[in-house]
Participant: 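Have a look at the structure that comes next, please.
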Amino acid sequence: MIGLPHFLVVAGLLFAAGVYTVLSRRNAIGILMGVELILNAAGLNFVAFNHYTTTGIQGGLFTVFIIVLAAAEAAVALAIVLAIYQNLRDIDAHRLDSLQR
């Protein structure tokens, strides 16, 4: 039988993979994918706590909010990445220091 600890372990692994991806990638698209993994881990935790606890937590509602937030974040981030690529012909996150000048 699958219980709450199983979901928490999977969410923890998703979160760890997301953090590793954000910290290790130089590509802006890779960093964006890592952020999506982190948001999915949070959504999985909300759904699991909603199902296995009786505290009145509306996990489904929070998960829908996270999905909408992730979609908006992806749209804005991809637009920024496309604009940077049009100007610099590169999306390496370590070379994007032109906004600092």
Side-chain angles (χ1 to χ4, degrees):
M1 179 174 163
I2 297 176
L4 180 61
H6 297 96
F7 286 102
L8 295 179
V9 167
V10 172
L13 291 174
L14 272 176
F15 183 80
V19 169
Y20 176 75
T21 302
V22 167
L23 294 177
S24 67
R25 296 290 175 182
R26 298 175 58 125
N27 189 330
I29 302 295
I31 294 171
L32 182 64
M33 291 171 56
V35 172
E36 295 293 327
L37 284 176
I38 292 170
L39 290 173
N40 284 332
L44 180 61
N45 277 337
F46 278 121
V47 169
F49 277 110
N50 183 40
H51 182 74
Y52 287 103
T53 61
T54 58
T55 58
I57 298 172
Q58 297 296 323
L61 183 64
F62 284 116
T63 303
V64 169
F65 179 73
I66 288 172
I67 291 171
V68 170
L69 177 73
E73 175 254 340
V76 170
L78 286 176
I80 291 171
V81 167
L82 285 176
I84 290 172
Y85 183 77
Q86 282 181 341
N87 292 329
L88 303 177
R89 297 287 178 209
D90 193 11
I91 54 173
D92 187 359
H94 293 284
R95 295 184 57 203
L96 300 177
D97 61 351
S98 64
L99 294 177
Q100 296 176 354
R101 294 180 197 162

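On a predicted model such as this, the values are computed, not experimentally measured, just so you know.
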Participant: Do F46 and L69 sit in one hydrophobic cluster, given that two such residues count as connected whenever their side-chain heavy atoms are within less than 4.5 Å of each other, even indirectly?
Facilitator: yes

Participant: According to a 4.5 Å side-chain heavy-atom criterion applied to Ile, Leu, Val, Met, Phe, Trp and Tyr, with indirect links allowed, do L14 and I2 form part of one hydrophobic cluster?
Facilitator: yes

Participant: Salt bridge (charged side-chain N to carboxylate O under 4.0 Å, His left out) with R26: which residues, sequence neighbours excluded?
Facilitator: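 Testing R26 for salt bridge (charged side-chain N to carboxylate O under 4.0 Å, His left out), a comparison that skips the adjacent residues, returns D92.
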
Participant: Determine, using the 4.5 Å side-chain heavy-atom cutoff (strictly less than), whether V47 and V10 are members of one ILVMFWY cluster.
Facilitator: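 Unlinked, V47 and V10 end up in two clusters.
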
Participant: State which residues pass ring pair (Phe, Tyr, Trp, His ring centres under 6.0 Å) with F65; sequence neighbours excluded, sorted by chain then number.
Facilitator: none

Participant: State whether the side chain of H6 and the backbone N or O of G3 hold a donor-acceptor pair below 3.5 Å, judged by distance alone.
Facilitator: yes

Participant: Might you point out which heavy atoms bring A11 and N45 nearest each other, and give the distance in Å?
Facilitator: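 Heavy-atom minimum between the residues: CB-OD1, 3.2 Å.
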
Participant: Suppose we screen for side-chain contact (heavy atoms from CB on, under 4.5 Å). Which residues come up paired with Y85, at least two apart in sequence or across chains?
Facilitator: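 If we apply the side-chain contact (heavy atoms from CB on, under 4.5 Å) test to Y85, skipping adjacent residues, the hits are R89, I91.
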
Participant: Hey, quick one: are Y20 and M33 part of the same hydrophobic cluster, counting side-chain heavy atoms closer than 4.5 Å, chains of contacts allowed?
Facilitator: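 Each belongs to a different hydrophobic cluster.
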
Participant: Give me each pair satisfying salt bridge (charged side-chain N to carboxylate O under 4.0 Å, His left out) with a member in residues 70-84, each pair once, sequence neighbours excluded.
Facilitator: none

Participant: If I take atom CD1 from residue I66 and atom CG from residue L44, how far apart are they, to the nearest 0.5 angstrom?
Facilitator: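 Spacing of CD1 (I66) from CG (L44) equals 10.0 Å.
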
Participant: Might you point out which heavy atoms bring E36 and A74 nearest each other, and give the distance in Å?
Facilitator: OE2-CB, 3.9 Å

Participant: Check side-chain contact (heavy atoms from CB on, under 4.5 Å) between I80 and all other residues, then give those that pass, not counting sequence neighbours.
Facilitator: V76, I84

Participant: Measuring from atom CD1 of I31 to atom OG1 of T21, what distance do you get when rounded to the nearest 0.5 angstrom?
Facilitator: 10.0 Å

Participant: Could you pull out all residues at least two apart from F7 that satisfy ring pair (Phe, Tyr, Trp, His ring centres under 6.0 Å)?
Facilitator: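 Per chain and number, F7 pairs via ring pair (Phe, Tyr, Trp, His ring centres under 6.0 Å) with Y52.
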
Participant: Any chain of hydrophobic side-chain contacts (each under 4.5 Å) joining I29 to L82?
Facilitator: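 Each belongs to a different hydrophobic cluster.
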
Participant: Nearest 0.5 Å, what's the CG-CG distance between L32 and N27?
Facilitator: 10.0 Å

Participant: Let's go through L4 and F49 carefully: what are the C-alpha distance in whole Å and the side-chain angles of both, what is the deciding distance for side-chain contact (heavy atoms from CB on, under 4.5 Å) to 0.1 Å, and is it a yes or a no?
Facilitator: CA-CA 7 Å; L4 180 61; F49 277 110; 3.8 Å; yes

